[in-house]
J.: 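Input: one structure, supplied below.
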Amino acid sequence: MLVQLIALAFAALPQVLAHGGVLSISIGNTWYNGWSPYNSPTGQTTIIRPWSTYNPITDATDPTISCNDDGSSGALQLTAPVTAGEKITAYWNQIWPHPYGPMLVYMAQCPGTTCTGVNSDTLSWFKIDESGLINGTVYDGFWGDGLMIADNSSWTTTIPSTVPNGPYLIRFETIALHSLPAQFYPECAQLMVTGGGSLAPTAAELVKFPGAYSNTDPGLDVDIYSNTAQTETTYPIPGPPLYGSGGVASSPSGPSSTSIIPTTTVSTTPPSSTPTGPTVPEYGQCGGTGFSGSTVW
Ligand SMILES: [Cu+2]
C-alpha cells in the first residue's frame, strides 16, 4: 500500500519532480529566500523576480526566456544591495539533474532608480560569466552544468568591479543539452550596485531576451550523442561576448570556443535555511528520450 501511494504521488508530479530553478541567493553573508513558484504569489517578498514553473523553456525565442515569466516584478518586490566586486551565489531547488550544458550569468541595468516595475523583456543584457565545455568531449565531457552540480547545485559569480552603479537585474541560467531542443532554465533577481566603476557594456556585448539566442545557434542545436560529438572538444557558448572582453559578436559559422572556468567557491557560510522542494534521484534525467550518457561520476 505504501509503495502504491508513493507511486501515485510521483505520478501526480512528474513535471515538477524533473526540473526546477533558482530558489534562493546569497550575497556575502546575507541569505535571501527566493520566489516559490508553486505557492500563491500573494504576500511573497523576495529579491528574486516571480517565476512560474519548474519546466524548462524549450524555444530559444520564447517570450518568457528573460526571467522565466512574463517579465514583470512582484507586487512586494525587494532589491538586494551589492557592492561591485562582491560574490553572489544562486542555489537551485534540488540536486541538479542535468550535467551536460553551459552555465551563463547576465546583468541588465534598469532605467531610473529601481528595477521594480520594469519589464525584463525591455532591458539590454550583458554576460558577466559563462562556463561551457570545461574538459573532455561534447559527448561525455565535464561541463559548466557539471561544475554547478559539483558545487552543491549552486553557482557563484562576481559582480564585475567595473560596472556602473545603479539598479540591475541579474539573470542566472543553466542550459541542458541532454535532449533536443535544448532546455533553458533562467531566473532573475533585483540588485542595487554600489561601489562600481565606469565601464559600460559595448553595443556588441548587449542583447535582448528574447533575441540573444536562436534555435539554430551552434551551441543550442548540438546533438551531444552524435558521432562527431564523441571527438569534439570545443563548444561555442551561446550569447554575446563576455562583458569587458572587448570582443565582437561571434558569427554562427565561426563560433568562438572559449570556455572560461569561473572562480567558483563553495559557500563558507552555510545558509540558515536550506532550500526545500521536490527531489529526484541523483543525476536522474528528464526529457532525455534515448538518454545514453553517463549517469554517475
Ligand atoms: Cu529537467
Side-chain angles (χ1 to χ4, degrees), residues 7 9-25 34-39 48-69 90-105 130-133 138-155 171-188 209 213 215 217 219-225 229 235 237-238 275-297:
F10 273 76
L13 295 168
Q15 301 297 320
V16 171
L17 288 167
H19 320 281
V22 174
L23 281 199
S24 46
I25 280 178
W35 187 260
S36 299
Y38 293 98
N39 292 348
I48 296 186
R49 280 292 187 93
W51 54 286
S52 53
T53 178
Y54 281 3
N55 288 327
I57 296 164
T58 56
D59 179 346
T61 62
D62 193 284
T64 66
I65 202 166
S66 64
C67 296
N68 192 15
D69 202 23
Y91 300 84
W92 275 258
N93 58 304
Q94 58 173 334
I95 297 172
W96 192 249
H98 307 309
Y100 306 125
M103 292 292 306
L104 311 97
V105 185
E130 63 182 6
S131 181
L133 183 61
V138 167
Y139 173 66
D140 63 357
F142 186 58
W143 293 80
D145 287 355
L147 185 59
M148 180 266 262
I149 295 167
D151 203 6
N152 193 29
S153 297
S154 73
W155 192 259
R171 176 181 183 273
F172 288 92
E173 179 178 43
T174 178
I175 299 177
L177 300 173
H178 62 276
S179 62
L180 290 175
Q183 299 181 349
F184 305 85
Y185 300 90
E187 274 82 39
C188 302
F209 283 106
Y213 302 153
N215 288 310
D217 285 350
L220 296 176
D221 71 353
V222 57
D223 177 359
I224 67 170
Y225 305 115
Y235 168 75
I237 299 173
T276 57
T279 59
V280 296
E282 252 189 18
Y283 311 120
Q285 293 292 318
C286 55
T289 306
F291 175 74
S292 60
S294 168
T295 56
V296 295
W297 291 110

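Bear in mind the structure is a predicted one, so any value in this text is a computation, not a measurement. Note that ligands are numbered from 1 as they come in the structure, with each ligand's atoms numbered from 1 the same way.
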J.: Angle at the Cu ion (ligand 1), OH of Tyr185 to NE2 of His98, rounded to 10 degrees, please.
T.: 100°

J.: Tell me if the aromatic rings of Trp92 and Tyr185 count as close, with their centers under 6.0 Å from one another.
T.: no

J.: Report yes or no: does Gln183 have an N/O/S atom closer than 2.8 Å to the Cu ion (ligand 1)?
T.: no

J.: Looking at every heavy atom in both Leu220 and Leu180, which two are closest together, and how far apart are they?
T.: O-CD2, 3.6 Å

J.: Does the side chain of Ser154 pick up a donor-acceptor pair with the side chain of Asn152 at under 3.5 Å?
T.: no

J.: Report the name of the N/O/S atom of His19 located nearest to the Cu ion (ligand 1).
T.: ND1

J.: Under a 3.5 Å threshold, yes or no: a donor from one side chain and an acceptor from the other, between Glu173 and Tyr213?
T.: yes

